[in-house]
Amino acid sequence: MTVVVPEGVAAGPADTGPLRLVPIPAAEHAAWAAAHGGVSFLQCPSWGRVKEGWRSESLAWTGAEGRTVGAALVLYREVPGLGRSFAYLPEGPVIDWAAPDLGRWLAPLAAALRSRGVFTVRIGPPPALRVWEAGTIRAAVRGGAVRQLRDVLPDAVDPVGAMAAERLRALGWEPAARDTQPRYTFRLPLAGRELGSVRDGLSAEWRRNLRRARGAGVEVVEGSAEDLESFYALLRETERRAGFDLGRGLAYYRRQFAELNAERPGRMRLFLARHRGEVLAAHTFVTVGRGTWYLTGGSASAGREVRPSNALQWAMIQAAHGLGADEYDLRGVRPSWDPAGRDYGLLRWKLGTGGRVVEGSGEWELALNRPLHLAFRRYLARRQG
């Protein structure tokens, strides 16, 4: 097991004085996010325009010279009749999480949100905690006895994540009762790798499925906004087949596509896999700076034998590599599984890319009004339970 310290957005050695937290225009925030590594698409101003029922604001931490050294997209959800709000920073804020004095960063945030009538603020610190390589997980589950990640020795740990958790607790933050964003994600490293090396890292099954798709004549093309209806139909078919419901209508995905691309053309892309003129699978792809993500996908029940989803994902991996991305994030996986169930099937499919499972820091909350905070938690527990 090794210890890793990933790159992130840091204030820098010159930024040791007091920090100011100020509102900034969305365009300035978007440009800053695109220029820095380690910024999630959920921390871009456009994401605030995607979320109906939420109000959004871009905030920036500035140093002594007025230079932006950190930023955050804050989403506000007002509680009807109270005039108070819940504030949420998905996969943010983007600050120097390795700083020994996190209070220097987070105290101005708490003060600003309290002045805006916020009773609870929830954040999603980006630092990772632990990493498991695909081969490690496959070896652990091969015998069928291991069914959860916590029973598998990680390949690497990130001390920044562990230290950040300790400092958050000392500052009065507490883990959220339930994370909104996935705590465990699957990521394929791309930085410094030739595309041939990435392909060689695919499992034998993945390479076989790509040959099958190519031999069957599966064609992967990039779609447009006009193809979102086909994408949504396949997504709904997947939800029915797999027994889940994301609860989003076609209008949501149209707004998502329009807003992300209005912020930066090509930020969100749609890839389609066709076979004999029929669209069999459709996946969405997002890029911010040196980060790329597989966002949402659906596939038809028919035609799965020609492996359209493998062909789609390989095209998206190639696109990420061509953009110079540090990694390609395939989003969430479950930390426990039934080898005969759908969750393990999805994990096994992602393991085939040769990437790694990354455990994030989880989401944390700070009560700015304790009675309202506790009442809100009880409400969420009843609704989710």
Side-chain angles (χ1 to χ4, degrees), residues 1-8 38 40 91 97-98 124-166 168-169 175-193 197-209 242 244 291-294 309-310 313 317 320 326-364:
M1 182 174 65
T2 59
V3 174
V4 295
V5 182
E7 292 184 9
S40 168
E91 299 187 1
W97 284 98
L129 292 176
R130 296 181 290 178
V131 176
W132 293 264
E133 299 292 343
T136 299
I137 298 174
R138 282 197 295 260
V141 301
R142 194 168 290 136
V146 176
R147 299 195 176 195
Q148 48 194 357
L149 272 176
R150 71 180 184 183
D151 294 332
V152 183
L153 184 69
D155 292 283
V157 296
D158 181 357
V160 175
M163 288 187 296
E166 291 180 7
L168 284 169
R169 285 191 178 90
R178 183 176 298 184
D179 294 333
T180 303
Q181 302 303 324
R183 180 164 185 155
Y184 295 85
T185 56
F186 196 90
R187 307 179 191 178
L188 176 63
L190 298 175
R193 301 178 67 189
S197 170
V198 178
R199 187 182 181 97
D200 290 344
L202 300 176
S203 69
E205 181 182 16
W206 256 79
R207 294 196 296 272
R208 184 169 59 250
N209 288 342
F244 68 93
T292 52
W293 294 262
Y294 160 47
S309 293
N310 291 88
Q313 283 297 318
I317 291 169
D326 289 337
E327 64 181 11
Y328 176 54
D329 191 329
L330 285 90
R331 298 301 283 168
V333 294
R334 299 276 187 172
S336 59
W337 54 82
D338 175 355
R342 178 182 179 275
D343 288 341
Y344 180 67
L346 181 60
L347 173 61
R348 183 172 175 272
W349 187 76
K350 293 182 179 183
L351 289 172
T353 65
R356 55 183 59 157
V357 174
V358 177
E359 180 188 8
S361 299
E363 295 184 334
W364 293 73

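One-based numbering along the sequence shown. These figures come from a predicted structure and were not determined experimentally.
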List the steps, then state whether side chain to side chain contact (heavy atoms under 4.5 Å, CB included) holds for Arg348 with Trp337. CA-CA 10 Å; Arg348 183 172 175 272; Trp337 54 82; over 6 Å; no
Please give me the minimum heavy-atom distance between Arg356 and Pro189, naming the atom from each residue. CZ-CG, 3.5 Å
Side-chain donor or acceptor of Lys350 paired with backbone N/O of Gly355 under 3.5 Å: no
Within the distance-only criterion (no hydrogens, no angle test), does the side chain of Asp155 pair as donor or acceptor with the backbone N or O of Glu133 below 3.5 angstrom? yes
Measure across Val157 and Pro154 and return the closest heavy-atom pair with its distance rounded to 0.1 Å. CG1-CG, 4.3 Å
Value rounded to 0.5 Å, distance of OG1 in Thr185 from OH in Tyr294: 14.5 Å
What are the two closest heavy atoms between Gly362 and Asp179, and how far apart are they? CA-OD2, 3.8 Å
How long is the span from the CH2 atom in Trp293 to the CG atom in Leu330, to the nearest 0.5 Å? 12.5 Å
Sub-3.5 Å donor-acceptor pair from the side chain of Arg187 to the main-chain atoms of Glu327, do we have one? no
Between Arg183 and Gly360, is there a donor-acceptor pair closer than 3.5 Å when you use the side chain of the first and the backbone of the second? yes
Name of the residue among Tyr328, Trp206, Trp349 meeting side chain to side chain donor-acceptor pair (under 3.5 Å) with Gln313: Tyr328
Trp97 side, atom CH2; Met163 side, atom CE - distance, nearest 0.5 Å: 12.5 Å
For Arg193, salt bridge (Lys or Arg N to Asp or Glu O under 4.0 Å) partners two or more places apart: none
Could you tell me which non-hydrogen atom of Gly161 sits nearest to which non-hydrogen atom of Ser361, and how far apart they are? CA-OG, 4.1 Å
For Leu153 and Thr136, the nearest pair of non-hydrogen atoms, with its separation, is O-CG2, 3.8 Å
Any sub-3.5 Å donor-acceptor pair from Arg331's side-chain atoms to Pro182's backbone N or O? no
Counting only N and O atoms by type, is there a donor-acceptor contact under 3.5 Å from the side chain of Glu363 to the main-chain atoms of Thr180? yes
Decide yes or no for Leu347 and Val357: does some side-chain heavy atom of the first lie under 4.5 Å from some side-chain heavy atom of the second? yes
Considering only distance and modelled atom types, tabulate donor-acceptor pairs under 3.5 Å from the side chains of residues 139-152, sequence neighbours left out.
| residue | atom | partner | partner atom | Å |
| --- | --- | --- | --- | --- |
| Gln148 | NE2 | Asp151 | OD2 | 3.2 |

Give, for atom CG of Leu202 and atom CD1 of Ile317, the distance between the pair rounded to the nearest 0.5 Å. 6.0 Å
Which pair of non-hydrogen atoms, one from Ala162 and one from Leu129, has the smallest distance, and what is that distance? N-CD2, 3.6 Å
Do you know which of Asp329, Leu346, Val358, Thr353 makes side chain to side chain contact (heavy atoms under 4.5 Å, CB included) with Phe186? Thr353
